[in-house]
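Structure record follows, encoded as structure tokens.
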There are 2 protein chains.
Amino acid sequence: MAKRHKTDSRPTIAEIAQIAGVSIPTVSKVLNGRTDVAQQTRERVERVIEEYGFVRNRAARALRKGKTGLVDLVLPRLDDEYFLPILEGASQVVREAGMRLVLTSTHYHSEEDAQWINDATDRSIDGILLVLPTEEAIERLEQAGRPFVLIHNQGGLLNMAPSVRITSWEGGFVATQHLLNLGHRRIAYIGKTSPTRDAIERIAGYRAALDAAHLPIDPQLECAGEFNEIDGYHATRALLQLAEPPTAIFAGNDHQAAGVYRALHELGITVPDEMSVIGFDNLPYTAIMNPPLTTIHAPRLELGRAAAAILVSLINEKPPETARVVLPTHLVERQSCRPLAQQAHRP
Amino acid sequence: MAKRHKTDSRPTIAEIAQIAGVSIPTVSKVLNGRTDVAQQTRERVERVIEEYGFVRNRAARALRKGKTGLVDLVLPRLDDEYFLPILEGASQVVREAGMRLVLTSTHYHSEEDAQWINDATDRSIDGILLVLPTEEAIERLEQAGRPFVLIHNQGGLLNMAPSVRITSWEGGFVATQHLLNLGHRRIAYIGKTSPTRDAIERIAGYRAALDAAHLPIDPQLECAGEFNEIDGYHATRALLQLAEPPTAIFAGNDHQAAGVYRALHELGITVPDEMSVIGFDNLPYTAIMNPPLTTIHAPRLELGRAAAAILVSLINEKPPETARVVLPTHLVERQSCRPLAQQAHRP
DNA sequence: GTGAAAGCGCTAACAG
DNA sequence: CTGTTAGCGCTTTCAC
């Protein structure tokens with residue numbers, strides 16, 4: 001354990017140097033693990049450092065080196081557990097690289113006075129991880145001239161910025177195909193209106209699967225809805241009003257699926273006996289839903305890790321292996337889907 | 001919109017000074033809103049700052065002033081949505097104070113090599129928010145001599161460190177009393193073994209409510225269990241093996257309650273027709289459980305806000321109004337509890 | 001009101 | 001191998 005020195009303030013490199021009877025740069029060299037220090041000198045310095053519990057002042061180092069060791073993670077909001085594993089993954093990798101993660105929540109505030117854009121400029125951070133960025137945010141970031149990586153890039157496809165995404169199209173395709181394989185023909189999709197690219201890809205995947213099965217696309221079965229519980233609920237209520245309701249519902253994400261469950265339960269329709277439901281994301285609570293929800297797994301931890309890894313490479317000016325990665329989704333079968341043949345018919 | 005200057009690098013205060021035709025300290029004064037600058041000079045400097053999109057270098061300022069504007073939030077882990085509103089609340093207040101939040105997840109790593117304790121020492125942060133700290137962590141933090149605030153202090157009651165907690169005892173009491181008022185007499189509690197102070201208070205509240213109702217404490221009804229789903233599940237399975245099973249279950253937290261639901265569902269026991277269940281925390285998903293879970297609301301956003309507010313005061317050396325706050329919990333009635341009289345009896 | 005001078009703690013370049 | 005010198009960009013006395 002480090003011994004406390006009499007003064008309240010932490011020792012500086014200068015004091016350590018004086019006590020060890022060497023010059024300041026020598027201490028600095030020891031601190032930075034440089035080889036051009038005599039073994040004996042190194043040991044003496046190390047002993048003093050240990051004894052006085054010396055720790056480098058980061059601000060001074062940052063000023064000198066032009067790097068702060070800080071990475072900013074910018075999220076639209078902090079009240080959705082969807083983001084948690086992304087946070088965790090990014091945090092892990094950033095820490096492994098000896099840096100720290102600064103958290104920013106934009107709350108969808110006007111980009112205009114977005115503080116984080118200044119943070120990108122004032123050299124207080126080395127790089128930025130931007131989750132669900134808008135087109136405008138990306139533009140401003142490009143001008144700031146600091147390394148950044150996009151997570152769930154919502155910008156145009158032409159954008160060549162480093163980014164990490166998931167296979168939303170394939171996810172939508174696979175989810176729909178799963179229902180198709182179970183014999184379902186009238187399959188609804190919820191989440192049509194969401195302007196995010198992931199939402200657009202999901203519905204495109206849904207349509208492609210239908211198309212591959214030579215099934216027509218029924219606009220009545222494509223419901224509006226943002227990625228939240230209440231929209232899943234309303235869409236389901238509407239769906240059940242239809243002359244010919246669907247036998248299966250593909251919810252654009254798990255929150256919506258929870259709303260689907262709630263609406264169905266209110267109407268006395270049981271899952272999967274009378275309705276098959278599939279979600280997207282594989283949030284933890286879907287495993288304990290009743291019945292457990294079949295869903296598409298979105299590799300969120302890996303999303304955070306991959307993005308952070310690219311950013312760290314960028315910061316260290318080692319070109320990353322690939323600056324644009326797409327992580328695969330996969331189907332998680334649980335108990336919310338059933339073959340149409342075994343499913344009871346509604347009047 | 002700030003115009004870009006020809007050079008790639010951001011302008012420094014020196015360049016701004018030169019362009020505006022004033023000295024460096026004058027620019028600094030303008031930047032810091034000092035009054036001893038002629039109106040005309042100020043405007044000229046401001047114009048140049050605006051035009052060149054100048055932003056202060058934080059590292060330099062931090063070095064000079066000894067403050068970094070960074071607050072470290074240290075969490076045991078990042079994979080439990082319980083922490084999310086705490087994060088959000090802390091983030092809000094920290095940002096309102098013009099500072100930024102650095103995130104650290106200890107993953108319950110040995111305190112020995114805890115990096116965050118160094119961060120506390122190296123002047124790279126101005127203060128620390130410690131969630132669910134161990135006794136040892138607190139001791140080390142006290143030695144580090146930097147402001148800190150504890151959230152969910154698990155340390156001894158004697159500890160006088162600034163802290164924010166919730167009324168776990170009252171929560172336990174109210175939850176139990178609610179069940180008692182409903183006519184239940186055999187009420188189980190899950191979460192006995194958890195060593196955290198909140199767990200201890202909850203069971204104490206449970207016992208006190210029983211005691212107040214002149215009911216004996218049956219050790220068989222006090223189940224072991226950490227605050228997770230699986231332990232709630234196992235405890236429930238065990239409870240149902242009892243010769244005389246409980247008619248109501250008080251789960252130490254919502255994750256456990258989810259496990260209770262799962263076990264009950266497997267056994268074909270319906271909630272609340274055959275078993276009343278109450279949880280603790282009021283996590284978002286409890287509202288969409290089936291049936292929606294009655295639970296004790298833990299004000300987590302406020303926890304984060306309050307802790308951050310105290311820390312900000314401490315950092316600014318304004319003594320906070322109170323350095324030790326306890327936030328009230330309250331009952332959220334939903335549909336998982338029913339009067340014993342209306343509840344079906346199990347064989 | 002304004003600016004010259006000093007220095008926060010550290011690292012990099014180079015001379016010895 | 002070691003130490004001297006020179007700043008990184010900013011804020012702070014303190015003369016003028």
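Each chain gets a letter, A, B and so on, in the order its sequence line appears, and its residues count up from 1.
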So, taking the atom named CZ in R47(B) and the one named CD1 in I16(B), what distance separates them when rounded to the nearest 0.5 Å? 12.5 Å
If you round to the nearest 0.5 Å, how far is OG1 of T104(B) from CD1 of I128(B)? 7.5 Å
Are more than 12 heavy atoms, taken from residues, nucleotides or ligands other than E302(B), located less than 6.0 Å from that residue's CD atom? yes
For the backbone of A62(B) and the side chain of T68(B), can you confirm whether one donor and one acceptor N or O come within less than 3.5 Å of each other? no
Heavy-atom closest pair, residues L87(A) and L101(A): O-CD2, 4.1 Å
State whether a side-chain donor-acceptor pair under 3.5 Å links Q143(A) with E139(A). no
Could you tell me, to 10°, how much the axis swings from one end of the helix from dG1(C)-dC16(D) to dG16(C)-dC1(D) to the other, five pairs per end? 40°
How about E88(B) and Q92(B): does a side-chain donor come under 3.5 Å of a side-chain acceptor? yes
Of all nucleotides in DNA chain D with an atom under 4.0 Å from a non-hydrogen atom of chain A, which is the first and which the last going 5' to 3'? dC1(D) to dG9(D)
Going 5' to 3' through nucleotides 7-13 of chain C and flagging B where a protein heavy-atom sits under 4.0 Å of the base, S where only the sugar-phosphate is that close, and - otherwise, we get BBBBBB-
With rounding to the nearest 0.5 Å, note down the distance linking CD1 in I13(A) to CD in Q18(A). 13.5 Å
Distance only, no hydrogens: is a donor on one side chain within 3.5 Å (strictly under) of an acceptor on the other, for E43(B) and Q39(B)? yes
Gap separating the NZ atom of K318(B) from the OG atom of S313(B), nearest 0.5 angstrom: 7.5 Å
